[in-house]
Amino acid sequence: ISVCLKCAVYCSKYTPLNAITMKVTIFAFGRTGCRIADKLKEYEIHQKESIINDIVAYDTASKQLTTLDHINDEDKQVFATDEFDKKGSPGFINDVVPHMKKLRGHIMQNAHGLSRVDDNAILVIGSLGGGTGSAAMPRASKIIRQAVGNTPVYGIAILPHSSETGVYTLNAAKSIQSLSRETDNVILFDNDNFNISLPSKYTNKTLDNTYGEINNHIARQIHIIFSADESKRGKHGLETTLIDTADIINTLGTGGLSTLSYNSYEIPKAAKGGVVGFLHEMGHSVSTATKEKLHSIREFGESTTSKATDNEESNPNEDNETSMQLDSDVETTDISQYQREWAVPSDLLPYSLHRENLSMDCNPKDGVKRLCLLIGPAKQLSTQQCTESSKWIQKNTNADETIVGNYPKRANKIAVLTINSGVGIPQRLRSQQQEALNVRREILNEDRKITAKSVDVFDELEAVVPAI
């Protein structure tokens, strides 16, 4: 293995033909967590790329578990049945916490029994807004870490939409602190960043319709990350720059919080036969106009609506200047000197720095470590493209370490998936915690049969997410 120290990119690294995919065991909690786990299994079957050893799904509502089509019935566990009559928790984190103590033995047993020698990581998946997921994820993560020893435990956490009821904000504000402390890293997905509108009496939309597509989107990205070290040289007949399990674990080794960015573009089909027809349809120089089209077409939805950003640590004028600079970079970046006559994944790289393409709104240049996957047909990937992409990332972000690798895939799309690991405390979380404090005060001021202890979600008034 040769390492380019300047770019911190692994060059000329080949995965042996007998290499195997990274393997994970999944613990899913609550409606959202269980459905994402189910979608992950479905996506794995569809892609024929196995990364999952086992899945265990926990919920307080038995009906929700029956909707999971790709998880074995013996791996579905209903708990707190006496309290919630198998109908699910009412949404308060404190209602579920006492029952997690009773579930400790079952989780420990499953962690010991399901954790295999070839497990490279444990994934704990759930929503931080609902009562079940927010209560179970941090406590289960602590139990699992005690059981599996040195195997890393990663949280896959979904933040509630800002327009949802205040109790979800309270749950998330407390849960994110505990979860970041009890896991090796938390990959965050924010429902605010998916441009969704919640169901109402004036629409025919349901929760399943609203969040089903989002769950597919999350499952796709998680599967890509943990299947990235698969031996694709044997499948595609191409010796190329690949990443391995150590690279993924190293990137997520910052601890704290991480975000993802995913952008894709569908390659036009050739109208004529043969090589001439292929080049006729795909051969073009990528102009600024084409770049804007690539930016507007994402895997999730066919178009992207520009979303107003919240008040970042930097002022709004700086955001505008950054956007203008990005537009300039798209046309003059060093990567363009190495572009082929048709679109390649590195063409999409500048759009990983657009805020609306992140899994959670934050400064897109933040992150202690950054791992970038260039995804597409083998003919459109190269070691040179990885090296130049790494140089571009080092120049345009604040990452201390960057790893860029190819992900050969038989498909009519090119894509770029980026992990930004160790992003600190984004403004979105600061705002959410302030909102949680406001909701807490409102509850305490109302004449309800709720004690201060039952709604005091912070040890201190100004509690924040633990720093990295």
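It should be emphasised that the depicted structure is a prediction, and the values quoted were computed from it without experimental measurement.
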key: Charged N-O contact under 4.0 Å between D361 and R355   = yes

Minimum heavy-atom distance I156-M137, with the two atoms named = O-CE, 3.7 Å

query = With sequence neighbours left out, what residues match L65 under side-chain contact (heavy atoms from CB on, under 4.5 Å)?
reply = C34, A57, D59, L68, K76, V78

request  = Output the distance between atom CZ (R139) and atom CG (L179), rounded to the nearest 0.5 Å.
outcome  = 10.5 Å

task = Find the distance between OH (Y262) and CD1 (I225) and round it off to the nearest 0.5 Å.
result = 11.5 Å

query = In Å and rounded to the nearest 0.5 Å, what is the OG1 to CH2 distance from T397 to W392?
reply = 8.0 Å

ask   = Could you state the interatomic distance from CD1 (I218) to CG (N191), rounded to the nearest 0.5 Å?
value = 7.0 Å

query = What residues, two or more places apart in sequence or in another chain, satisfy side-chain contact (heavy atoms from CB on, under 4.5 Å) together with K142?
reply = Q146, E182

message = Quick check against the 3.5 Å criterion: does S180 have a side-chain atom that pairs as donor or acceptor with the backbone of Q177?
response = yes

message = Does this structure show an ion pair linking D400 with K369, if we count only N-O contacts that are shorter than 4.0 Å?
response = no

ask   = Of the options L358, D366, L260, N363, which is the one that meets N420 in a side-chain contact (heavy atoms from CB on, under 4.5 Å)?
value = L358

ask   = Within the side chain of D54, is there an N or O that forms a donor-acceptor pair under 3.5 Å with the backbone of I26?
value = no

ask   = Among E42, H223, R220, K409, which one satisfies side-chain hydrogen bond (donor to acceptor under 3.5 Å, both in side chains) with Q47?
value = K409

key: Atom pair CG (N357) and CG (N193), whose distance is rounded to the nearest 0.5 Å   = 9.0 Å

Partner set under ring-ring contact (aromatic ring centres under 6.0 Å, His included) for Y58, not counting sequence neighbours = F29, H106

